[in-house]
Asks: 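What follows is a structure written as structure tokens; I'll ask about it next.
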Amino acid sequence: MVAGQGGFAGSDLSTYAQALTASAVRNAITDPTPSNARARMAVATARDGQRFAGLIRNEDNFSVQMQSPDGTFHLLLKTDVEKLEYEPSPLMPTNYGEILTRQELDDLVGYLQSIVENAKPQPQKED
Ligand code: HEM
């Protein structure tokens, strides 16, 4: 998501490039590694047979909160969950380094750097 537009599977990228070098931004695109459990996809099978797939947004000993790709939240009690399986690979495609040209990657990095300015709060004009 950038400036409120886009999807919400990944983090908001409006100010992502702010404190990073170009190569660090490029690495985040070509070699995505879930930074924490939030970014992991999981499939929960409830005791009544219902299945929920989504990103784990929060989890404790008693409950798990998942968000499906369409944005729906599922708040499940662990006592109602038969099985909770985590996807081993990150949700973000891992092959951008292969399917995008060097120029396209440069453009993406340049874009993420360029939007940082717009995301900063604009000073109010004095009358
Ligand atoms: C060219 C397209 C894309 C670009 C430029 C891009 C860029 C990025 C960047 C820079 C991050 C790192 C954010 C951070 O560490 O806070 C990120 C993370 C992520 N992206 Fe993408 N992404 C793209 C496509 C996708 C797609 C298609 C998906 C899912 C279907 C996706 C899902 C995610 C997720 C879940 C994360 C979070 C990983 C984490 O929190 O550690 N991305 N993306």
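Counting convention: from 1, in listed order, for ligands and their atoms alike. We number each residue from 1, following the sequence as shown.
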Asks: Could you list the atoms of ligand 1 found under 4.0 angstrom from a heavy atom of Leu108?
Replies: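 By the 4.0 Å cutoff, the relevant atoms are 1 (C), 5 (C).
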Asks: Looking only at heavy atoms, what is the nearest atom pair of Glu104 and Ile99, with distance?
Replies: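 Distance-wise, the nearest heavy atoms are OE1-O, 4.1 Å.
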Asks: Is there side-chain contact between Glu85 and Lys83, with at least one heavy-atom pair below 4.5 Å?
Replies: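 Yes, close enough: below the 4.5 Å cut-off.
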Asks: Of the non-hydrogen atoms in Ile56 and Met66, which two are nearest, and what is the gap between them?
Replies: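 Heavy atoms only, the tightest pair is CD1-CG, 4.0 Å.
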Asks: For ligand 1, indicate whether the residue Pro32 contacts it via side chain, backbone, both or neither (heavy-atom separation under 4.0 Å).
Replies: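 For Pro32, no heavy atom sits under 4.0 Å from ligand 1.
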Asks: Under 4.0 Å from a heavy atom of Gly10: which atoms of ligand 1 are those, numbered in the order shown and with their elements?
Replies: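 Matching atoms, with element in brackets: 33 (C), 34 (C), 35 (C), 36 (C).
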Asks: Tell me whether Met92 has at least one N, O or S atom under 2.8 Å from atom 21 (Fe) of ligand 1.
Replies: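 Checking Met92: at least one N, O or S atom is under 2.8 Å.
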Asks: For Asp31, which residues count as a salt bridge (charged side-chain N to carboxylate O under 4.0 Å, His left out) partner, sequence neighbours excluded?
Replies: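 Partners of Asp31 by the salt bridge (charged side-chain N to carboxylate O under 4.0 Å, His left out) criterion come out as none, since no residue qualifies.
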Asks: Using heavy-atom distances, let me know which of Ser11, Gly7, Gly6, Ala9 sits nearest atom 35 (C) of ligand 1.
Replies: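 It is Ala9 whose heavy atom sits nearest to atom 35 (C) of ligand 1.
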Asks: Any pair with a residue in residues 16-29 that passes salt bridge (charged side-chain N to carboxylate O under 4.0 Å, His left out), sequence neighbours left out, goes on the list, sorted by first then second residue, please.
Replies: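 Of all non-adjacent pairs touching residues 16-29, those that pass salt bridge (charged side-chain N to carboxylate O under 4.0 Å, His left out) are Arg26-Asp106.
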Asks: Can you tell which part of Leu13 has a heavy atom less than 4.0 Å from ligand 1: side chain, backbone, both or neither?
Replies: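 Side chain only.
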